[in-house]
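Some notes on the structure that comes next.
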Amino acid sequence: MTPLLSARGLTKSYRRQSLLRSHPPRQVLSEINLDIEPGESLAILGRSGSGKSTLIRQLLGLEKPSAGSVHFEGRDLRQLSQAERKEFRRAVQMVFQDSIGAVNPRHKVGRIIAEPLRHLTSLTSEQQKARVAELLSSVGIDPADASKFPGQMSGGQLQRVCIARALATDPRLLVLDEAVSNLDILLQGEIIDLIHTLRQKTGMAVIFITHDLRLVRLLCERVVVLKAGQMVEMSPVDDRLDLTSQEGRALQDAVLPATPR
Ligand SMILES: Nc1ncnc2c1ncn2[C@@H]1O[C@H](COP(=O)(O)OP(=O)(O)OP(=O)(O)O)[C@@H](O)[C@H]1O
Ligand code: NI
């Protein structure tokens, strides 16, 4: 089956600006090869600064890689037609870590969630309103809050608004970049149940960027470990989650509670 997304030789360097002298560009992703299969659930682990968000920005066509390519259902992102790009935007949705920065503070919650419906679907405004109410309820927010501004919502509520927005177009791939880590445990459970149900209902694939190995074990079938921009491990996830690479083991040991001495 054709992968949803296929990265080959994905490399990214950033020019380091400095007034005094020019530095050689810094390579932060090196030669990543990764396929995302329809319906799968993949975790991307790695220390802070290891390249997780940079990898996602390349995979989602939000940035141009310095080398390598990304294919969406077999089509090179660089050669998508207008219509194919619109379909790509509809099918692949993302929730960023920083939801406050991801919304327009002057737009009401209902308009924020309806954004992708307006640009990427042909729903009438009545149908959009109904879909927004359905989405708000599905993330545990009162549909009446559609008339609130972001400034009237808590951080956790806003994060759920962003998750609702990402789910608005029934995506085939949802990317969550540390998107539940700052929700309280109860809310995390509700969002994880929602994603689990959606995956069963619609076959939606999910990529979790997370430091939370509990989440990986609960929801993911495969895990990729990044270290300084390189993929150092790709393993299946079973209930034990036994990472094999040195970096994977270090991440695992770092989070397991120290065994009582
Ligand atoms: N626009 C940019 N310009 C220069 N360097 C960048 C840019 N974006 C990311 N980097 C660098 O690339 C490396 C990877 O950053 P990235 O945000 O992908 O890490 P991460 O794994 O998502 O980290 P975290 O877990 O803290 O979110 C970091 O060293 C970062 O400083
Ligand atoms: Ni990140």
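Numbering starts at 1 and runs along the sequence shown. Any value given below was found using the heavy atoms of this structure, including those in side chains, with hydrogens, waters and symmetry copies removed.
With hydrophobic clusters built from ILVMFWY side chains whose heavy atoms lie under 4.5 angstrom apart, Ile44 shares a cluster with Ile36. The hydrophobic clustering, which links ILVMFWY residues whose side-chain heavy atoms are closer than 4.5 Å, places Leu241 and Val232 together. Following chains of ILVMFWY side-chain contacts shorter than 4.5 Å, one cannot reach Phe208 starting from Leu226, and the two form parts of different hydrophobic clusters. Met231 and Leu10 fall within the same hydrophobic cluster, where Ile, Leu, Val, Met, Phe, Trp and Tyr residues are linked whenever their side-chain heavy atoms come under 4.5 Å apart, directly or through other members. When hydrophobic clusters are built by joining Ile, Leu, Val, Met, Phe, Trp and Tyr residues whose side-chain heavy atoms come closer than 4.5 Å, directly or via intermediates, Ile163 is grouped together with Val161.
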Going through the distances and angles, do Asp35 and Arg8 end up as a side chain to side chain contact (heavy atoms under 4.5 Å, CB included)? CA-CA 9 Å; Asp35 286 344; Arg8 288 292 175 270; 3.1 Å; yes
What do the steps show when you test Phe88 against Leu77 for side chain to side chain contact (heavy atoms under 4.5 Å, CB included), and what is the final call? CA-CA 9 Å; Phe88 175 59; Leu77 288 195; 3.8 Å; yes
Apply side chain to side chain contact (heavy atoms under 4.5 Å, CB included) to the pair Arg160 and Leu187, showing each step before the final yes or no. CA-CA 9 Å; Arg160 283 183 280 157; Leu187 273 180; 3.5 Å; yes
Hey, mind stepping through Arg47 and Ser50 against side chain to side chain donor-acceptor pair (under 3.5 Å) and telling me if it holds? CA-CA 5 Å; Arg47 292 170 201 254; Ser50 57; over 6 Å; no
Under the side chain to side chain donor-acceptor pair (under 3.5 Å) rule, what do Ser181 and Gln97 come out as? Steps first, then yes or no, please. CA-CA 8 Å; Ser181 37; Gln97 187 165 353; 5.3 Å; no
Under the criterion side chain to side chain contact (heavy atoms under 4.5 Å, CB included), I'd like the reasoning laid out for Arg165 against Val103: C-alpha separation, chi angles, the key distance, then a yes or no. CA-CA 10 Å; Arg165 176 174 61 177; Val103 295; 4.3 Å; yes
Trace of the side chain to side chain donor-acceptor pair (under 3.5 Å) decision for Glu247 with Ser245: CA-CA 5 Å; Glu247 186 70 358; Ser245 63; over 6 Å; no
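Taking the side chain as every heavy atom from C-beta outward, Val92 and Leu174 never approach each other to under 4.5 Å. Under the 4.5 Å side-chain criterion, counting only non-hydrogen atoms from C-beta, Lys86 is in contact with Leu120. Counting only heavy atoms from C-beta outward, the side chains of Leu136 and Ile113 approach each other to under 4.5 Å. Residues Thr169 and Arg89 have side chains not in contact (no heavy-atom distance under 4.5 Å, counting atoms from C-beta outward). You'll find the side chain of Ile32 stays beyond 4.5 Å of the side chain of Leu59, heavy atoms only. Here the side chains of Leu243 and Leu45 are in contact, with some heavy-atom distance below 4.5 Å. Annotation: side chain of Phe72 is not in contact with side chain of Arg85 (no heavy-atom distance under 4.5 Å). In this structure, Arg172 and Glu87 have side chains that are in contact, with non-hydrogen atoms separated by less than 4.5 Å.
Across Leu34 and Met234, no two heavy atoms sit closer than the pair CD1-CE, 3.8 Å. In terms of heavy atoms, Ser99 sits closest to Gly155 at OG-O, 4.0 Å. When all heavy atoms are compared, the tightest approach of Gln93 to Pro171 is CG-CB, 3.8 Å. Of all the heavy atoms in Ala166 and Val95, the pair that sits closest is CB-CG2, 3.6 Å. Between Pro105 and Pro150, the closest heavy-atom pair is O-CD, 3.5 Å. Residues Met1 and Pro38 come closest through the heavy atom pair SD-CG, 3.4 Å.
When only modelled atom types and interatomic distance are considered, Thr124 and Glu126 share no side-chain donor-acceptor pair under 3.5 Å. Side-chain atoms of Gln128 and Arg111 form no donor-acceptor pair, as typed in the model, at a separation below 3.5 Å. Looking only at atom types and distance, the side chain of Thr197 has no donor-acceptor partner in the side chain of Gln200 under 3.5 Å away.
Atom CG of Leu55 and atom CD of Glu63 lie 11.0 Å apart (nearest 0.5 Å). The CZ atom of Arg118 lies 6.0 Å from the CD atom of Glu115; values are rounded to the nearest 0.5 Å. Separating the CG atom in Asp145 from the CD atom in Gln152 is a distance of 8.5 Å, to the nearest 0.5 Å. Annotation: the span from Leu60 atom CG to Ser53 atom OG amounts to 11.5 Å, rounded to 0.5 Å. Remark: Leu5 CG to Ile56 CD1 distance equals 8.5 Å, nearest 0.5 Å. Rounding to the nearest 0.5 Å places CD1 of Ile207 at 9.0 Å from CE of Met94.
Within the 3.5 Å criterion, the main-chain N or O of Ser13 finds a donor-acceptor partner in the side chain of Ser66. With hydrogens and angles disregarded, no donor-acceptor distance shorter than 3.5 Å links the side chain of Gln79 to the backbone of Arg75. No donor-acceptor pair under 3.5 Å is formed between the side chain of Ser30 and the backbone N or O of Gln27. Proximity of a side-chain donor or acceptor of Glu73 to a complementary backbone N or O of Leu4 within less than 3.5 Å is not detected. Although no hydrogens or angles enter the test, the distance criterion places no donor-acceptor pair under 3.5 Å between the side chain of Asp177 and the main chain of Ile209.
The pair Arg249-Asp242 meets the salt-bridge criterion, with a side-chain N (NZ, NE, NH1 or NH2) lying under 4.0 Å from an Asp/Glu carboxylate O. Taking a cutoff of 4.0 Å between a charged side-chain nitrogen and a carboxylate oxygen, Glu178 and Lys52 do not qualify as a salt bridge. Between Glu40 and Arg199 there is no salt bridge, since no side-chain nitrogen of the basic residue lies less than 4.0 Å from a carboxylate oxygen of the acidic one. A salt bridge links Asp170 with Arg131: at least one charged nitrogen is closer than 4.0 Å to a carboxylate oxygen. The residues Asp142 and Lys148 are annotated as not salt-bridged, no charged nitrogen and carboxylate oxygen being separated by less than 4.0 angstrom. The pair Arg222-Glu37 does not count as a salt bridge, with every side-chain nitrogen at least 4.0 angstrom from each carboxylate oxygen.
Heavy-atom contacts from other residues, nucleotides or ligands closer than 6.0 Å to NE2 of His107 number more than 12. For CZ of Arg15, the number of neighbouring non-hydrogen atoms (other residues, nucleotides, ligands) closer than 6.0 Å is 12 at most. Within a 6.0 Å sphere centred on CD of Glu84, heavy atoms belonging to other residues, nucleotides or ligands number more than 12.
Checking Leu215, Leu219, Val206 one by one against Leu176, the side chain to side chain contact (heavy atoms under 4.5 Å, CB included) holds for a single residue, Val206.
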